[in-house]
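Comments concern the structure below.
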Number of protein chains: 2
Amino acid sequence: MRGHIDGMVLATVEHEPLHGYAILESLTRRSGGALDLPTGTIYPALRRLEKSGFLASEWSTVGGRKRRTYRLTEAGRRALADERTSWRDLSGVVEALLRPQPGPA
Amino acid sequence: MRGHIDGMVLATVEHEPLHGYAILESLTRRSGGALDLPTGTIYPALRRLEKSGFLASEWSTVGGRKRRTYRLTEAGRRALADERTSWRDLSGVVEALLRPQPGPA
DNA sequence: ATCAACATGTAGATGTTCTATATATAGAGC
DNA sequence: GCTCTATATATAGAACATCTACATGTTGAT
């Protein structure tokens, strides 16, 4: 999954802000269990994305538990669009190169 | 491209053995120039794949230049099949998670 | 002679992700 | 009261692929 996590995280908070644990659950659920990230992956990723200016966070307390809720910034919205474009490019290339060559008939 | 290079290299030598530089050219040509690996990527990758038993190499001299030609081993053939399967899985997941969520109508 | 293309290779830096560990609360089951 | 699971966040260090930069040598064209 290397390199694709950032885009998937940004896409997850595209329409509603979520806290880290909820993002984790959403990714697992929407992938049908195929993607099951450890917390040691998601939290550093969120901090990296915030540091890059793609996410902004806010603390709150819900039911006695502290939550850090992340929302997509304008720059994040542009980054997500870029991720989608570069995913299309990447997957086209990989698909083409992985495909068995036609014999030199 | 991280993580996908191995599969693309294996696919390149699937039907005919090639030397490193020729593999590089083939990848660039077949990707329409989108993939232009530096030699510092391809040669270590080939050694890694040989060490893993997926490629076997043989030296030859053509036109005064030394070439190391790589061919796919049986294990390499299986590894390539695995790469193709896991690419399909991966791309399905990324596609699904990158896609904009349907509104909670 | 010089330069581009051919051909292989190593060393070190970079950056993402994983493993392992740490902390703390809420609620269920016993 | 105790324990376990789920919720919630976080860091340190290891692993690993890839990139940058460097190093070397040949062939053929200008």
Side-chain angles (χ1 to χ4, degrees), chain A residues 1-10 12-13 17-29 31 33-52 54-55 57-70 79 83 86-87 90 93-94 97, chain B residues 1-10 12-13 17-29 31 33-52 54-55 57-70 79 83 86-87 90 93-94 97:
Chain A
M1 277 311 156
R2 192 163 211 97
H4 311 306
I5 289 181
D6 287 12
M8 299 190 297
V9 167
L10 295 178
T12 303
V13 297
L18 289 173
H19 61 284
Y21 197 83
I23 293 171
L24 211 51
E25 284 185 310
S26 175
L27 291 172
T28 302
R29 184 178 48 78
S31 69
L35 184 63
D36 194 12
L37 299 179
T39 67
T41 293
I42 195 77
Y43 291 110
L46 290 171
R47 291 171 151 268
R48 204 173 54 241
L49 289 168
E50 182 166 31
K51 199 179 165 193
S52 301
F54 301 152
L55 293 178
S57 71
E58 216 174 308
W59 283 97
S60 62
T61 304
V62 177
R65 291 196 188 88
K66 284 187 177 182
R67 286 180 177 176
R68 189 163 175 175
T69 299
Y70 292 87
E83 291 278 359
S86 70
W87 164 256
L90 167 81
V93 168
V94 174
L97 295 184
Chain B
M1 278 311 156
R2 191 161 211 101
H4 311 305
I5 288 181
D6 287 12
M8 299 189 297
V9 167
L10 296 178
T12 303
V13 295
L18 290 173
H19 62 284
Y21 197 83
I23 294 171
L24 211 51
E25 284 186 310
S26 175
L27 291 172
T28 302
R29 184 177 48 77
S31 69
L35 184 63
D36 193 13
L37 299 179
T39 67
T41 294
I42 195 76
Y43 292 110
L46 290 171
R47 292 171 150 268
R48 203 174 55 242
L49 289 168
E50 182 166 32
K51 198 178 165 195
S52 300
F54 300 151
L55 292 178
S57 71
E58 216 174 308
W59 284 97
S60 63
T61 304
V62 177
R65 291 196 187 88
K66 283 187 178 182
R67 286 180 177 176
R68 189 163 174 175
T69 299
Y70 291 88
E83 291 278 0
S86 70
W87 165 255
L90 167 81
V93 168
V94 175
L97 294 184

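Lettering follows sequence order; numbering is per chain, from 1.
- One interatomic measurement links the two molecules: NE2 of B/His19 to P of C/dG9, which rounds to 11 Å at whole-angstrom precision.
- The environment of B/Glu25 atom CD is dense: over 12 non-hydrogen atoms of other residues, nucleotides or ligands sit within 6.0 angstrom.
- Whole-Å rounding puts the A/Arg29 CZ to D/dA6 P distance at 18 Å.
- The closest side-chain heavy-atom distance from B/Thr69 to B/Val13 is not below 4.5 Å.
- To the nearest angstrom, C1' of C/dA22 lies 16 Å from NZ of A/Lys66.
- Note: CG (A/Leu37) to P (D/dT9) measures 14 Å, nearest angstrom.
- Of the possible donor and acceptor atoms, one in the side chain of A/Thr28 sits under 3.5 Å from a partner among the backbone N and O of A/Leu35.
- Aromatic ring orientation, B/His4 versus A/His4: parallel (interplanar angle below 30°, classes split at 30° and 60°).
- Here the C1' atom of nucleotide D/dT7 and the CD1 atom of A/Ile23 are 15 Å apart, to the nearest Å.
- Although no hydrogens or angles enter the test, the distance criterion places no donor-acceptor pair under 3.5 Å between the side chain of A/Ser26 and the main chain of A/Ala22.
- Taking side-chain N and O atoms only, B/Arg48 has a distance below 4.0 Å to OP1 or OP2 of D/dT18.
- Just one residue in the list A/Leu24, A/Asp6, A/Val9 forms a side chain to side chain contact (heavy atoms under 4.5 Å, CB included) with A/Leu46, and that residue is A/Val9.
- Taking 4.0 angstrom as the limit, B/Arg67 places none of its side-chain polar atoms (N or O) nearer than this to OP1 or OP2 of C/dC6.
- Considering only heavy atoms from C-beta on, A/His19 stays 4.5 Å or farther from A/Arg65 through its side chain.
- Remark: C1' of D/dT9 and CD of A/Glu58 are 17 Å apart, rounded to the nearest angstrom.
- Atom OH in B/Tyr21 sits roughly 4 Å away from atom P in C/dC6 (whole-Å rounding).
- Side-chain atoms of A/Thr39 come within donor-acceptor range of the base of D/dA10, with a qualifying N/O pair under 3.5 Å.
- Counting to the nearest Å, the C1' atom of D/dC16 and the CG atom of B/Asp6 are 11 Å from each other.
- Nearest nucleotide to the B/Thr41 side chain, out of D/dC19, D/dT11, C/dA7: D/dC19.
- Residue contacts shown for B/Ile42 are absent, as no nucleic acid heavy atom lies under 4.0 Å away.
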Could I get a table of every N or O pair under 3.5 Å where one atom is in the protein and the other is in nucleotides 27-30 of chain D?
from   : atom 1 : to      : atom 2 : distance (Å)
D/dT27 : O4'    : B/Arg65 : NH2    : 3.0
D/dT27 : O2     : B/Arg65 : NH2    : 3.4

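- The side chain of A/Glu25 sits closest to D/dT7 out of C/dT19, D/dT20, D/dT7.
- Take the nearest nucleotide of DNA chain C for B/Tyr43 and for A/Ala45: the residue whose nucleotide is more 5' is B/Tyr43.
- Among D/dA10, C/dT8, C/dT19, the nucleotide with an atom closest to any side-chain atom of B/Trp59 is C/dT8.
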